[in-house]
There are 2 protein chains.
Amino acid sequence: MALLKDDMAACNRLILDRMQSDVALIPQVAAHIVAAGGKRIRPLLTIAAARLCGYRGDRHVGLAACVEFIHTATLLHDDVVDESALRRGQASANAMFGNQASVLVGDFLFSRAFQVMVADGSLEVLRILSDASAIIAEGEVLQLMTQNDTATTEAQYLAVIEGKTAALFAAATEVGAVVAGEPADRQKALRDFGMSLGVAFQLVDDALDYSADQEALGKTVGDDFREGKITLPVLLAFARGSEEERAFWRRTLEDRDQGDADLARALALMTKHGALKDTIGRARSYADQAIALLEPFPDGAEKRALAAAADFVVERAR
Amino acid sequence: MALLKDDMAACNRLILDRMQSDVALIPQVAAHIVAAGGKRIRPLLTIAAARLCGYRGDRHVGLAACVEFIHTATLLHDDVVDESALRRGQASANAMFGNQASVLVGDFLFSRAFQVMVADGSLEVLRILSDASAIIAEGEVLQLMTQNDTATTEAQYLAVIEGKTAALFAAATEVGAVVAGEPADRQKALRDFGMSLGVAFQLVDDALDYSADQEALGKTVGDDFREGKITLPVLLAFARGSEEERAFWRRTLEDRDQGDADLARALALMTKHGALKDTIGRARSYADQAIALLEPFPDGAEKRALAAAADFVVERAR
C-alpha cells in the first residue's frame, strides 16, 4: 500500500505540474476542480493495475495523470452541459468561472492529456485512451438522446453508462496492464475488471442522486430528476408503478413540469418499489463480478487495493 | 491541381465516413456544420504541403481530415462559448441542436481525430496536433481573459490569434511536410508558412466581422462587437481616437452598454481612422511573408496552390 501511496503522491504532483499554463485562467479553473478533493479512483486503478502486473518502472504515474485529466475534462464539460451548480462539495467551475472557461479549460486538459501520452510514446496507450474518449462522448450524447423519455429501455441505459462512465474505468486498468507488458488475456481481464467496476460506480452514482444526504454527496441532490435523466432507479420505479405513478414520472421527467414536493415523491416511490435497493444490489453484483476477474492475479497489496476499490464503489452508498 | 482536387475529394469522403457513429445525433450535428460549406482551407494546406514535398502516398489525406475535425470541434465549442447564432450561412449547431450537443459532438470529433491519427501511426504527427490543440485552447482562454478590456495590447492580441487560429494552420502544413519526410529546416519553413497565413487569416476575419456584407459573411456581422472582443481594428481605432471616442469604446466594449446605432458608429470610427484598411494591410504583409517562405520549394501546381491560398485569405476581404 505504501508503494501505491507513493505512486499516487507522484501522480498528484504530476497532475498539478501538467495543468500549468502561462494563460493564468487555465490553472485557476483546473486547480478549482482538481483540488476540490476528487477521489482519484481512476488514476488509482491505472497505478494499481500496473503494480499488480509486476511493473517496476514509472510510466504508469504519468499515464494515470492522463486518465485523471480526461476525467476532469469530461466533468468540466458535463457540468456545462447539465448546468450543474455544485461539484465535489463546492461551486462548479461553470458556476464560478462561467461556461466559456469551463468548455475551454476542459479542451485544454484533454489536449494536455494527449501531449503527456505522446511524450510517453506508446501508440497502444494512445489507442486505448483515444478510443475511450470517443466512447465517452458517444455515451454522453446517447444520454442526451434518451433524456426525458420514459420509454428508454434498460439496455439503452446500460449502453449509456458503459459509454459515459465505465469505458474510462476500463481504459484506466487496461493502460496499467499494457505498460506492464501483460499478455493479451490478462490485459482483457483487467479491462473487464475496470468495465464492471465502472458500471457499478455509475449505478451507485445514479442511486445516490436521489437518496444521498446533500452534505455527503458533493453534487446537488436531485439534479438527475430536474433534468429528466432516465436512470435505473427511475426505470425500475416506472416499470413497477401504477398508471397514476407512471403519469407522475411522465409529468416530471418528460414534461419536466416539476413542483417543490416532486423530488420527495420520486424518492418515496423509489423506496416503495425497492428501486434504489435493487440498483445498489445490481451495483453489488457488478462489483462482485469485477472482483472475481482479479482471481488469476497474484495476491498482495495491489490486488487487495483493487478489490477494495470495487467494494468502496458500492459501500459508499450505504 | 487535378491531383490536389482528387486528394481533397478523398479527404471529404473520409471526413464524412469518419464522422459516423451509431449514436445518431452525432453525425446529425457533425453533418450540419461540415456540410455547410466550409472552405476546407486547413486540410488543403496539409495536402498541398505534402504534395509540394513530393509525397506520393496517401497518408496525408487522413491526416488532413484530422486537421479538419480538430477545426470543426473548435468551431462547435467556440459557437457555444460565444453564443453565436449563425455559422457558414446557416443556424449554428448550438442554435439548432443546443449547447449540450455542440459541446459533446465537438468532444467526439476531437477524439475521433486522435483515433484516426493513432491508426495512421505517427507519434510525430500526434505530437504536432496535440500540441496545436493545447495551444488553441490556450489562445481561446487568453482571448476570454482579454475580452472587454481596452487596455489589451497588440502583443496580447497577436498572442491570442497565433494561439487560437494560426497554430492550427501551422500544424496543418507541418504535418504535410512530416509525412513527406522533409528535413527539419523545410518542415520549419512550411510550419512558418502556415503560421503567417493563419495570422493573416484571423486579421481578415476580425476586419470582416465589422465590414462584411451579412450575406457574404456566413456569421453574424458584429458578433465581436457585441461580445466586446478586442481585435486589431478596435485597437487601432482606440489608439487613434479622441478621448470622446475612447469613451465610446469603453462604454460599448467594457461596459457592454450597447444601443442599436453603436455598431454603425464603431464601423464609422474604424473607417475614419483607417483601422480596417490597416488591418487588411497587415494581413497582406503576413500573406506576403508566407509566400516568401515558399521560395525554396519546387515551382509547380502545389506551390501555386499554397500561394493562392495566401492570396485568397486576404483578397476575400476586398
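The model shown is predicted, which means the values in this text are computed figures rather than measured ones. Every chain is numbered from 1 and lettered A, B, ... according to where its sequence line falls, protein lines coming before strand lines.
- Contact count versus chain A (heavy atoms, under 4.5 Å) is highest, among Gly121(B), Ala132(B), Ala113(B), Ala73(B), for Gly121(B).
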Are there any donor-acceptor pairs closer than 3.5 angstrom between chain A and chain B, and if so, which ones?
unit_1    : atom_1 : unit_2    : atom_2 : d
Ser21(A)  : OG     : Glu138(B) : OE2    : 2.6
His77(A)  : ND1    : Asp107(B) : OD1    : 3.0
His77(A)  : ND1    : Asp107(B) : OD2    : 2.7
Val81(A)  : O      : Gln100(B) : NE2    : 3.0
Gln100(A) : NE2    : Val81(B)  : O      : 3.0
Asp107(A) : OD1    : His77(B)  : ND1    : 3.0
Asp107(A) : OD2    : His77(B)  : ND1    : 2.7
Gln115(A) : NE2    : Asp131(B) : OD1    : 2.7
Asp131(A) : OD1    : Gln115(B) : NE2    : 2.7
Glu138(A) : OE2    : Ser21(B)  : OG     : 2.6

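- Counting heavy-atom pairs closer than 4.5 Å to chain B, the top residue among Ile136(A), Leu126(A), Leu123(A) is Leu123(A).
- Pairing each heavy atom of Val103(B) with each of Val103(A), the nearest pair is CG2-CG2, 4.1 Å.
- Heavy-atom pairs under 4.5 Å with chain A peak, among Ala159(B), Ala134(B), Gly139(B), at Ala134(B).
- Here ring-ring contact (aromatic ring centres under 6.0 Å, His included) pairs that include residues 111-155 of chain A, with residues two or more places apart or in two chains, are Phe110(A)-Phe114(A), Phe114(A)-Phe114(B).
- Rounded to the nearest 0.5 angstrom, Leu144(B) CG and Ile26(A) CD1 are separated by 10.0 Å.
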